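Just dropping this structure here.
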Amino acid sequence: MKNVLSFQVILFLFLSFQESFAEGKIPGIPKEEVGFPLPYYSPVTGTFAEIRNHNLHLGSDFKSYGLNGHSILATFDGYVEEINYSKIGYGLSLNFHNPTHKIKSKYAHLHTFGGELYDLELLRQALFLMGEKEGFSLKLPSNMFPAKKGVALGKTGESGSGISHLHLEFRTDKGIVNPLYFPDLHQKDVTPPTILSMLIESDSLTKPLLFKAKEIAKGEYTLLDENEDVVNSISLSGKVKIRISGYDIIRSRNKNNVYGMDLFLNEKEIFRRNFDFLSFEEGSKKHQFYDVNRSSLSPPVYFYHLYEQPKNWKEEGYSFDLTEFPVMAKAWIEAGLVDATGNRSKTKLLIINEASKLSDKLQKPAGGKKVFSTDKVVSFDVSQNESTGMGSVSIVTFPTSEEIPLNIPKGLVLRSKIYHISAQNFTWKGEGHGEFLPSPGATAKDALYFWDESIRKFSSIRQKRKGAGFQFFLGKLGYVMVLEDHAPPYIAPMTSLARHIELPEVRSSCFEDRFYVLGDSGTGFKTNVELLLDGQPYPYEYDPDRTAIRVTLPKSLYKEKPYLLLEARAFDFAGNESEPFLDLIATSGWKKDSYASCPLIE
């Protein structure tokens with residue numbers, strides 16, 4: 001009893017120290033002094049610490065409804081400290097600094113600096129005229145562009161990476177603060193996060209247990225096995241790792257990252273993590289927080305570690321150790337996800353400690369860090385990757401698709417066996433290197449396909465030809481196969497965007513932009529299309545963020561013709577081509593706009 005009491009005292013002191021330490025990282029600016037960055041209450045479409053391709057998303061994205069030109073507002077008193085421009089990443093951005101509390105707000109993907117600081121926009125134009133269109137970074141004196149809270153500093157845009165939105169960050173000298181930490185940026189939602197599943201690994205399991213979560217009341221979930229039967233209890237032994245997957249819908253339809261997560265054992269909290277602050281070092285180490293081999297950005301599926309991941313990657317962390325419990329002891333676990341407003345979702349499960357399950361005769365799956373399928377067609381190598389866990393990667397072969405839960409898209413034909421790449425008690429950083437050498441060899445219409453078991457759908461796989469086979473690079477778990485592509489690509493108008501991409505105050509009155517989206521269910525579309533305007537070839541630009549082509553039409557054409565006929569045809573890498581797409585454009589609506597010659601100002 002004395003030992004238990006001592007442990008509880010130590011745990012309380014540790015958690016108190018953690019809480020005090022976390023609060024010390026966040027600047028002392030009164031929360032109510034931090035205001036909203038836009039003149040309208042915009043929903044968050046991307047949250048802090050979400051998974052990105054190579055790092056974490058270190059800010060919040062705010063919806064601009066597909067339109068460039070909304071004013072961005074100073075979130076507190078301060079001055080413009082730095083302006084930057086790049087064709088990728090943040091695009092046009094500025095840093096706004098409050099010297100009293102030593103906090104900065106960063107605004108990214110801007111259209112212009114066209115706010116109340118008129119000379120700041122003139123400076124941007126001057127830098128472009130001086131030949132700095134490829135990029136610049138300029139520190140500014142503290143007395144050059146001061147501004148009070150609420151002053152308009154610029155206009156939202158889509159420069160850099162992504163379509164139109166505002167990206168906002170808060171930085172200190174110690175790290176990055178979650179914008180949703182501040183009350184005025186809360187989304188005031190009443191919906192708790194969604195729990196999708198729970199994944200369990202332990203010393204007694206030959207493969208992970210994945211239970212689907214089903215909501216039975218607001219914020220309360222029960223767990224189901226693969227047969228859709230309710231799971232109330234399971235028997236385990238040894239060290240146990242708990243992961244929980246889910247997301248948070250705030251006010252937009254986006255499935256965002258949550259604000260925090262926790263784990264209770266017999267009603268005592270044994271783990272908690274809040275994404276209220278990340279040090280600069282933590283911002284580059286997403287593997288500490290997520291099982292990245294099972295997580296996905298599109299569509300979002302976040303598998304959270306409910307344990308601390310060792311920073312040295314020499315060994316795998318764990319949630320709790322059942323060897324510290326008596327044999328056949330029962331323990332309740334409760335896992336939860338929390339949003340910034342404080343809404344919490346939870347699911348419970350009874351764990352029975354069956355030490356007898358730990359046995360020298362326990363059959364572990366054959367595998368390692370460099371593995372081969374039994375027929376030697378597929379190999380996968382993560383021996384050069386940083387990894388954790390004492391388990392391994394393995395490859396299981398399926399002759400047909402009948403034994404696994406996937407449907408091959410229409411127009412694609414299976415040309416190989418299907419190979420399942422899985423892992424037990426093992427995770428790796430980055431992309432592993434694989435080879436797929438089918439027999440007979442691949443043809444020009446064949447490509448390698450990957451079915452992601454976390455999101456239960458086909459997703460892209462980086463690949464290149466190797467003789468009559470393929471090399472591939474993969475950081476996820478799922479199924480690889482060769483499919484023959486008879487599905488043509490398509491081209492269509494992009495109706496999900498606003499008709500005008502810019503608001504009137506920043507829109508050019510001389511040109512009309514038209515967007516046409518490209519797509520393909522097979523080997524992938526080529527970005528060069530055949531485009532004719534009234535029967536003549538016409539220039540266009542491919543927009544990778546929208547996977548669309550942008551066609552810019554001078555409005556002065558209305559004087560020549562009342563209608564323009566646009567024709568387009570798309571192609572894929574298997575040699576298939578789309579049906580011709582036709583768009584009859586009426587120019588009569590352009591008459592009211594100015595059509596005098598006016599140079600574009602970027």
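Please read these numbers as outputs of a predicted model, since none were measured by experiment.
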Decide whether Y302 and D248 meet the rule of one side-chain donor and one side-chain acceptor closer than 3.5 Å.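 Side chains of Y302 and D248: no pair found under 3.5 Å.
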Distance-only side-chain donor-acceptor flag, R243 / Y307, under 3.5 Å: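 Judged by distance alone, the side chains do pair up.
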Measure from the side-chain N and O atoms of S86 to the backbone N and O of I88, and report whether any donor-acceptor pair falls under 3.5 Å.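 Yes, the answer is positive, given that a donor and an acceptor are paired below the 3.5 Å cut-off.
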When you measure from the side chain of N84 to the backbone of S93, do you find a donor-acceptor pair of N or O atoms at a distance under 3.5 Å?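 No.
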Report the C-alpha separation of T156 and S64 in whole Å, then their side-chain angles, then the decisive distance to 0.1 Å, and conclude whether the side chain to side chain donor-acceptor pair (under 3.5 Å) test is met. CA-CA 8 Å; T156 64; S64 60; 4.8 Å; no
Are more than 12 heavy atoms, taken from residues, nucleotides or ligands other than E215, located less than 6.0 Å from that residue's CD atom?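 Above 12, so yes.
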Looking only at the aromatic ring of each residue, does the gap between the centers of F36 and F62 stay below 6.0 angstrom?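 Yes, close enough.
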Determine whether more than 12 heavy atoms belonging to other residues, nucleotides or ligands lie under 6.0 Å from atom CD of E267.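 No - once you tally the heavy atoms of other residues, nucleotides and ligands closer than 6.0 Å, there are 12 at most.
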If you count every heavy atom of other residues, nucleotides or ligands that lies below 6.0 Å from K148 atom NZ, does the total exceed 12?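 Not buried by this count: 12 neighbours or fewer within 6.0 Å.
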May I have the step-by-step check of side chain to side chain donor-acceptor pair (under 3.5 Å) for Y290 and N257, ending in yes or no? CA-CA 11 Å; Y290 301 99; N257 181 35; 3.2 Å; yes
Between K476 and S454, do the side chains contain an N or O donor and an N or O acceptor separated by less than 3.5 Å?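 Side-chain D/A pair, K476 to S454: absent.
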Kindly compute the distance separating CD1 (I461) from CD (E431), expressed to the nearest 0.5 Å.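 One gets 9.0 Å once the value is rounded to the nearest 0.5 Å.
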Counting only N and O atoms by type, is there a donor-acceptor contact under 3.5 Å from the side chain of S159 to the main-chain atoms of L92?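 Yes, the answer is positive, given that a donor and an acceptor are paired below the 3.5 Å cut-off.
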Check whether any side-chain N or O of D262 sits under 3.5 Å from a backbone N or O of G336 as a donor-acceptor pair, and report yes or no.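 It does hold such a pair.
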cation_pi(R546, F515) dist<6.0 Å, angle<=45: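 Judged by the rule (NZ or CZ under 6.0 Å from the ring centre, within 45° of its axis), R546 counts as positioned above F515.
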For D189 and T341, does a side-chain donor sit closer than 3.5 Å to a side-chain acceptor?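 Per modelled atom types, D189 and T341 side chains form a pair under 3.5 Å.
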Sub-3.5 Å donor-acceptor pair from the side chain of S345 to the main-chain atoms of I195, do we have one?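 No.
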All salt bridge (Lys or Arg N to Asp or Glu O under 4.0 Å) counterparts of R456, not counting sequence neighbours: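 Partners of R456 under the salt bridge (Lys or Arg N to Asp or Glu O under 4.0 Å) test: none.
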I'd like to know if the side chain of D61 pairs up with that of H57 as donor and acceptor (distance under 3.5 Å, no hydrogens or angles considered).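 Judged by distance alone, the side chains do pair up.
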Ring center gap for F458 and F450 short of 6.0 angstrom: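 Judged by ring-centre distance (under 6.0 Å), F458 and F450 do not meet the cut-off.
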Would you find a donor on one side and an acceptor on the other, under 3.5 Å apart, between the side chain of N385 and the backbone of S387?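 Checked: no pair found.
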Is there a donor in the side chain of S245 and an acceptor in the side chain of S197, or the other way round, less than 3.5 Å apart?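 A donor-acceptor contact under 3.5 Å links the two side chains.
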Would you say T75's side chain and P37's backbone share a donor-acceptor pair under 3.5 angstrom?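 Such a contact is absent between T75 side chain and P37 backbone.
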Distance from L210 atom CG to E453 atom CD, nearest 0.5 Å?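 The distance works out to 8.0 Å.
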For the backbone of A217 and the side chain of E220, can you confirm whether one donor and one acceptor N or O come within less than 3.5 Å of each other?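 No, E220 side chain to A217 backbone: no donor-acceptor pair under 3.5 Å.
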Assess whether side chain to side chain contact (heavy atoms under 4.5 Å, CB included) is satisfied between R124 and L122, documenting all intermediate values. CA-CA 5 Å; R124 181 195 72 84; L122 292 181; over 6 Å; no
Decide yes or no on ring-ring contact (aromatic ring centres under 6.0 Å, His included) for F96 and Y107, but give the supporting numbers first. CA-CA 8 Å; F96 192 76; Y107 304 81; 7.2 Å; no
K429 NZ to K286 NZ distance, which is reported to the nearest 0.5 Å: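 NZ of K286 is found 10.0 Å from NZ of K429.
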Between E169, K106, H167, which is the residue that forms a side chain to side chain donor-acceptor pair (under 3.5 Å) with Y90?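 Exactly one pass, corresponding to E169.
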Answer yes if the ring centres of Y85 and F128 are under 6.0 angstrom apart, and no otherwise.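 Yes, they do, as the ring centres are separated by less than 6.0 Å.
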Side chain to side chain contact (heavy atoms under 4.5 Å, CB included) evaluation trace for I83 with L123: CA-CA 10 Å; I83 57 174; L123 176 60; 3.8 Å; yes
Report yes or no: is the cationic atom of K31 (NZ for Lys, CZ for Arg) under 6.0 Å from the centre of the six-membered ring of Y181, at an angle within 45° of the ring normal?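 Satisfied, under 6.0 Å and within 45°.
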Distance, nearest 0.5 Å, that separates NZ of K255 from CG of L196: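 CG of L196 is found 7.5 Å from NZ of K255.
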Are side-chain heavy atoms of Y65 and Y40 found at a separation under 4.5 Å?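 Yes, side chains in contact.
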Check the pair L180 / I250 against side chain to side chain contact (heavy atoms under 4.5 Å, CB included), numbers first and verdict last. CA-CA 11 Å; L180 296 186; I250 304 179; 4.2 Å; yes
Distance only, no hydrogens: is a donor on one side chain within 3.5 Å (strictly under) of an acceptor on the other, for N425 and K241?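 Note: N425 and K241 side chains meet the donor-acceptor criterion.
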Can you check ring-ring contact (aromatic ring centres under 6.0 Å, His included) on F170 and F182, steps first, answer last? CA-CA 10 Å; F170 288 102; F182 300 104; 5.1 Å; yes
When rounded to the nearest 0.5 angstrom, what is the spacing between CG in L110 and CG in L94?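 CG of L94 is found 5.5 Å from CG of L110.
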Does W428 use its side chain to pair, donor to acceptor, with the backbone of G430 at less than 3.5 Å?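 Yes, W428 side chain to G430 backbone: donor-acceptor pair under 3.5 Å.
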Single hit among K104, R171, K139 for salt bridge (charged side-chain N to carboxylate O under 4.0 Å, His left out) with E82: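 That would be K139; it is the only one of K104, R171, K139 passing the salt bridge (charged side-chain N to carboxylate O under 4.0 Å, His left out) with E82.
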Check this for me: K149, atom NZ, are more than 12 non-hydrogen atoms of other residues, nucleotides or ligands nearer than 6.0 Å?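 Atom NZ in K149 is crowded, with more than 12 foreign heavy atoms closer than 6.0 Å.
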With heavy-atom distances below 4.5 Å as the criterion, would you say the side chains of S295 and V301 are in contact?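 No - every pair of side-chain heavy atoms lies 4.5 Å or more apart.
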Just how far is it from atom CD1 of I242 to atom CD1 of I351, taken to the nearest 0.5 Å?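 Here the rounded value is 5.5 Å.
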For the backbone of G391 and the side chain of Q424, can you confirm whether one donor and one acceptor N or O come within less than 3.5 Å of each other?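 Side chain of Q424 to backbone of G391, a donor-acceptor pair under 3.5 Å: no, none is there.
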With the side chain counted from C-beta on, respond yes when Y221 and T194 share a heavy-atom pair under 4.5 Å apart, and no when they do not.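 SC-SC contact between Y221 and T194 confirmed.
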Below 4.0 angstrom, N of the basic side chain to O of the carboxylate: do E50 and R52 qualify?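 Result for this pair is yes, salt bridge flagged.
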Are K457 and W451 in a cation-pi contact, defined as NZ or CZ under 6.0 Å from the six-membered ring centre and within 45° of the axis?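 Pair K457/W451 does not count as cation-pi.
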